[in-house]
Peer 1: 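One structure, as structure tokens, below. Some questions next.
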Amino acid sequence: MVIRILLADDQANIRAAFRMVLDAQPDMQVVGEAADGAAAVELTRHLRPDVVLADIRMPRVDGLEVTRLLAGPEAAEPVRVIVVTTFDLDEYVHTALRHGASGFLLKRSGPTLLIEAVRAAVAGDTLISPQVTVRLLRRFGAAGNGGSEARWEPAVALTERELEIVRLLAEGGTNAEIGAELFISPGTVKNHVAAIQQKVGARNRVGIAAWAFRTGVCAVDERS
């Protein structure tokens, strides 16, 4: 199956960069581009892409409203929308997810995460940039534990290597970064992450990080 993608961003150079990355994948094809939110909504309803990548700050209609119109609970034919933005604000993350976004990425996250997010969205999963995930989970953990460090009561037994990977993942590391830190290949990291997901009952990397902070495998830092 080829994943059909629509790009919505008011900067032509960003659209061109995303198109180059995505069209290079054997299972992806960019089928349309929009320079503003209103055009993105109209094109989506006409082209019916599988995934829409939407910037937040666009003319006419912003990306958060685009997400609500295309993926929200009132959308007649919901489409998977991934918000891709420069602005790392909690308010934007919460609003995007509340409006039905299938992902929230920072533009600086790089092409690998962009590709992973598209595939995750099609699989019914949600991928959030690691930098955003770590901050939100730490704040959630601090609030949930009265600002104190969580007590480590892991529900499952992980190997030492798996624990190393969990800690690096919870700090926002990508597969490539974790592999470089541990001197193993990104593919090996990916296999470990899949095994960890199964063990801890997590749907994705966000779930693993949440488990790590909740159980105390990674300590909550209120300053983060």
Side-chain angles (χ1 to χ4, degrees), residues 3-23 28 30-140 172 174 204-206 209 224:
I3 303 170
R4 303 172 70 252
I5 304 164
L6 186 139
L7 306 177
D9 196 298
D10 60 342
Q11 297 184 58
N13 61 327
I14 295 294
R15 299 197 306 272
F18 285 176
R19 177 183 281 274
M20 182 175 65
V21 168
L22 298 170
D23 277 345
M28 297 182 188
V30 175
V31 296
E33 297 184 20
D36 65 73
V41 172
E42 183 178 350
L43 271 176
T44 297
R45 290 171 174 167
H46 174 67
L47 297 174
R48 301 304 303 168
D50 300 301
V51 177
V52 175
L53 299 183
D55 188 20
I56 287 184
R57 297 190 180 180
M58 291 187 291
R60 299 173 68 189
V61 178
D62 68 34
L64 296 175
E65 180 64 7
V66 167
T67 302
R68 187 187 70 80
L69 292 171
L70 296 179
E74 297 179 2
E77 298 180 22
V79 178
R80 297 175 178 90
V81 178
I82 300 171
V83 172
V84 188
T85 181
T86 304
F87 303 98
D88 181 8
L89 300 176
D90 289 354
E91 178 186 354
Y92 286 167
V93 182
H94 295 153
T95 301
L97 297 178
R98 188 171 64 249
H99 286 348
S102 294
F104 191 99
L105 300 182
L106 300 179
K107 289 181 179 178
R108 64 177 182 271
S109 296
T112 299
L113 206 63
L114 181 68
I115 294 165
E116 289 181 5
V118 170
R119 291 184 178 136
V122 171
D125 209 345
T126 300
L127 194 152
I128 304 174
S129 282
Q131 305 96 315
V132 177
T133 300
V134 170
R135 188 183 70 250
L136 294 180
L137 288 176
R138 280 178 169 170
R139 290 180 181 176
F140 173 79
T174 64
N204 50 35
R205 299 168 72 92
V206 176
S224 298

Peer 1: Rounded at 0.5 Å granularity, tell me how far CD1 in I5 sits from CG in D23.
Peer 2: 7.5 Å
Peer 1: Among residues two or more places apart or on two chains, list those pairs meeting salt bridge (Lys or Arg N to Asp or Glu O under 4.0 Å) that have a residue in residues 41-51.
Peer 2: R48-E77
Peer 1: Below 4.5 Å, heavy atoms only, C-beta onward: do H99 and V81 meet side chain to side chain?
Peer 2: no
Peer 1: Measuring from L53:CG to E33:CD, what's the distance to the nearest 0.5 Å?
Peer 2: 11.0 Å
Peer 1: Which pair of non-hydrogen atoms, one from F87 and one from F104, has the smallest distance, and what is that distance?
Peer 2: O-CZ, 4.1 Å
Peer 1: Nearest heavy-atom pair of V66 and M58: which atoms, and what distance?
Peer 2: CG2-CE, 4.2 Å
Peer 1: Within the structure provided, determine whether Y92 and R57 are in side-chain contact (heavy-atom separation under 4.5 Å).
Peer 2: yes
Peer 1: Identify, with sequence neighbours excluded, every residue that meets salt bridge (Lys or Arg N to Asp or Glu O under 4.0 Å) alongside D62.
Peer 2: none
Peer 1: For A117, which residues count as a side chain to side chain contact (heavy atoms under 4.5 Å, CB included) partner, sequence neighbours excluded?
Peer 2: I82, L105, L127
Peer 1: Identify which one of V84, V83, T67 satisfies the side-chain contact (heavy atoms from CB on, under 4.5 Å) criterion when paired with I56.
Peer 2: V83
Peer 1: Can you measure from NE2 (H46) to CG (L6) and round to the nearest 0.5 angstrom?
Peer 2: 11.0 Å
Peer 1: So do K107 and D55 actually touch side chain to side chain, heavy atoms under 4.5 Å?
Peer 2: yes
Peer 1: Return the minimal non-hydrogen interatomic distance between L47 and G32, and the atom names on each side.
Peer 2: CD1-CA, 4.1 Å
Peer 1: Run the salt bridge (Lys or Arg N to Asp or Glu O under 4.0 Å) test against E116 and tell me which residues pass, sequence neighbours left out.
Peer 2: none
Peer 1: If every non-hydrogen atom of P59 is compared with every non-hydrogen atom of D10, which pair is closest and at what distance?
Peer 2: CD-CB, 3.7 Å
Peer 1: Using salt bridge (Lys or Arg N to Asp or Glu O under 4.0 Å) as the criterion, list what pairs up with D36, not counting sequence neighbours.
Peer 2: R60
Peer 1: Give, for atom CG of L106 and atom CD1 of I128, the distance between the pair rounded to the nearest 0.5 Å.
Peer 2: 10.5 Å
Peer 1: Please examine the side chains of R80 and I3, heavy atoms only from C-beta on, and report whether any two atoms are closer than 4.5 Å.
Peer 2: no
Peer 1: Considering non-hydrogen atoms only, spot the tightest contact between P49 and V31 and give its length.
Peer 2: CB-CG2, 4.2 Å
Peer 1: Among I14, V51, V30, which one satisfies side-chain contact (heavy atoms from CB on, under 4.5 Å) with L7?
Peer 2: V30
Peer 1: Less than 4.5 Å apart, any side-chain heavy atom of T44 and any of L69?
Peer 2: no
Peer 1: I'd like to check the salt bridge (Lys or Arg N to Asp or Glu O under 4.0 Å) partners of R119; sequence neighbours left out, ordered by chain and number.
Peer 2: D27
Peer 1: What closest approach, in Å, do A8 and A40 show between heavy atoms, and which atom pair accounts for it?
Peer 2: CB-CB, 3.6 Å
